[in-house]
Structure formats: C-alpha cells, structure tokens
Amino acid sequence: CAVSGSLIDTYVKCRRMNCARLLYDSLHDQDIISCTALIIGYSLDRNYIRDAMNLFCKINQTGLKFDNIILCSMLNISANEASLDLGRQIHARAVKNRSKHDVALHNALVDMYAKSGELKDAHLAFDEMQIKNVISWTSLITGYGKHGLGEDAVTLFEKMENNGVKPNDVTFLSLICACSHSGLTSKGMNFLDLMVQKYAIQPRSEHYSCVVDLLGRGGFINEAYSFVKKMNVEPN
RNA sequence: GGCCAGAC
C-alpha cells in the first residue's frame, strides 16, 4: 500500500537498503512503486547493481506492466554501467508504452545513449522529442564533452541559446568541462563569463574546479594559480 | 508513496 511504499522510499533515501528490501519482501502487494523505489536505491550504489537487475527480471517474469518511471530508472542503470544492450531493450519497451511525450523518459534515453558513446542515437532521441527542456540539452552537451567532442558541445550550446532555452548551472558546468577536455581554453573562460554576466549564475566550487582544470590542461598553470587565489569560495 | 542532466 501507499504507506509501506513511502516507508521503503524513506529507507532508500537513508541508504538503508537492507531494511528497504526486508520490508519489500514482507509485502503481499509488491507494487510497481515500491519496486521502483528499491531499484533506484540499488542504482545509487555500484555494489547493488546486480540486485537491481535481479529485481527487474523478477518483476518482468510476473508479467507486471512496466511504467515509464521504472523504465527511466533502468535507463539510468544502463547509462551508468554503459550497458548499451540493456539500454536498447529498455528503449524498445518505452516505445511500446507509447511514451512520446514523457520528457523525463526521453531525457534518460538521450543520457543513456550519450553516456554509452552512441552520440548518433543520442542525437536521434533528442531530435525526436516533441518537448525538450534544459535537461535534454544539457544531457547531450555532457555526452559530447565526455567523448572529447568539445566543438560539438559548443555548437549545441549555441543552438540551445538560439532556441531561447535558458542554460542553468549544470549546463555551464558540462560546457566548461567539455571545453576543458577538448583544449578549448579561451572558449571555456568566455563561458564562465557568460554564465556570470548574462545569466547571473553564481559559480559554485564545481565550476571553479572545472576552470582550474581548464586552465591547467591548457598549460596556463600560473593563471590557474592566480584564479584559485581570486576565488570567493573555499578551495578544495 | 516511486522517475531525468554535472568534469577530475
């Protein structure tokens, strides 16, 4: 019922996976919601990925219908494990669910393909989306950055702005990291500026780390050093 | 009562 479901969710959020599972196993109505909460909990810890898979297979055998949220959580597991085969299987299920308008699910698809290095498929999933949000754009930018395609990340970011979508702190973090990995030092610095000046986003320590990385990799060690000294957050 | 993006 809803009470045990939310109790499972509470255990999961406190990372008490054993308690969560014990409670789940004791339920007679193991519904899709408590199952999803468990799977999400498992997915947060690499040591529990097998448990997530096993639970998913078990549910699959009972013939219980998968909804978009559980598919979404399985896509995240596929993405983080770079398990493309599983990802494609989940994708097929999602298509069967007629979930064209589910933004979160499609974002998870874009993310899964992007993290797996299947940037063509990621872009395809992205283009197919009827409604996109800042997460859709950021996921793809991150994917390009992660695979050393900084120029593509920058191009996509510009397209994002031209489409009137407002980037956020995560978008800039991904973008600056993308520049860092592709040696686009001055572009990266310009983006930091753009973030602060145009979008009034205050850099967090993650942004600073990224910028130090950007300068360091670009060979600007002294600049990196003076940058650290000027930062208005605690260095870490 | 359960879902999506952040480098090293």
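In this text, all values refer to a predicted model and were calculated from it rather than measured experimentally. So you know, we letter chains A, B, ... as the sequences are listed, proteins then strands, and number each from 1. Just so it is clear, the values below take in all heavy atoms, side chains as well, and ignore hydrogens, waters and symmetry mates.
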Checklist line | A:Thr171/A:Thr138 under side-chain hydrogen bond (donor to acceptor under 3.5 Å, both in side chains): CA gap, chis, key distance, verdict | finding: CA-CA 5 Å; A:Thr171 313; A:Thr138 304; 2.8 Å; yes

Margin query: Determine whether A:Tyr113 and A:His91 satisfy the following criterion, side-chain hydrogen bond (donor to acceptor under 3.5 Å, both in side chains), listing intermediate values before the conclusion.
Written below: CA-CA 10 Å; A:Tyr113 282 124; A:His91 187 174; 2.7 Å; yes

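Linking Ile, Leu, Val, Met, Phe, Trp and Tyr residues whenever their side-chain heavy atoms come within less than 4.5 Å places A:Leu214 and A:Tyr208 in a single cluster. Criterion: ILVMFWY side-chain heavy atoms under 4.5 Å apart, direct or through other members. Under it, A:Phe157 and A:Val170 are not part of a common hydrophobic cluster.
Nucleotide B:G6 holds its C1' atom 14 Å from the CG atom of A:Asn107, rounded to whole Å. Straight-line distance from the CD1 atom of A:Ile40 to the P atom of B:G2: 9 Å, rounded to whole Å. B:G1 atom C1' lies 12 Å from atom CG of A:Leu27, rounded to whole Å. A:Leu71 has its CG atom 15 Å from the P atom of B:C3, to the nearest Å. Separating the CG atom of A:Leu109 from the C1' atom of B:A5 is a distance of 14 Å, rounded to the nearest angstrom. Taking atom CD1 of A:Ile70 as the reference point, atom P of B:C4 lies 13 Å away to the nearest angstrom. As a whole-Å value, the separation of A:Asp31 CG from B:G1 C1' is 8 Å. Look at CD1 on A:Ile77: it is 13 Å from C1' on B:G2, rounded to the nearest Å.
Qualifying salt bridge (charged side-chain N to carboxylate O under 4.0 Å, His left out) partners for A:Arg217, counting only residues two or more places apart in sequence or in other chains: A:Asp213. Every residue two or more places apart in sequence or in another chain that forms a side-chain contact (heavy atoms from CB on, under 4.5 Å) with A:Cys35 is listed here: A:Tyr24, A:Ile39, A:Leu55, A:Ile59, A:Ile70.
When heavy atoms are screened at a 4.0 angstrom cut-off, A:Ser209 is found touching base atoms of the nucleic acid. Contact annotation for A:Ala37: backbone-only contact, meaning every heavy-atom pair under 4.0 Å involves sugar-phosphate atoms and none involves a base. The residue A:Ile32 sits close to a base: some heavy atom pair falls under 4.0 Å. Residue A:His106 is out of contact with every strand shown, counting any heavy-atom pair closer than 4.0 Å. When heavy atoms are screened at a 4.0 angstrom cut-off, A:Cys1 is found touching base atoms of the nucleic acid. Residue contacts for A:Asn76: at a heavy-atom cut-off of 4.0 Å it reaches the sugar-phosphate backbone alone, with no base atom in range.
Evaluation of atom-type donor-acceptor distances gives no pair under 3.5 Å for the side chain of A:Ser174 against the base of B:G6.
For A:His181, the listed nucleotide lying nearest its side chain is B:A7; candidates were B:A7, B:G2, B:G1. When distances run from any side-chain atom of A:Cys72 to the nucleotides B:G2, B:C4, B:G1, the shortest one goes to B:C4. Distances were taken from every side-chain heavy atom of A:Asp67 (C-beta onward) to each of B:C3, B:G1, B:G2; the shortest belongs to B:G2. Here the side chain of A:Ala108 is nearest to one of B:G6, B:G2, B:C4, namely B:C4. Which of B:G2, B:C3, B:A7 sits closest to the side chain of A:Asp213 comes down to B:A7. The side chain of A:Ser6 sits closest to B:G1 out of B:C8, B:C3, B:G1.
Of the residues in residues 124-140 of chain A, those with a non-hydrogen atom less than 4.0 angstrom from any atom of RNA chain B are A:Ile135, A:Thr138, A:Ser139.
Note on A:Glu81 versus A:Arg50: no salt bridge recorded, every NZ/NE/NH1/NH2 to OD/OE distance being 4.0 Å or above.
Relative to the ring axis of A:Tyr199, A:Lys166 does not place its NZ or CZ within 45° and under 6.0 Å from the centre.
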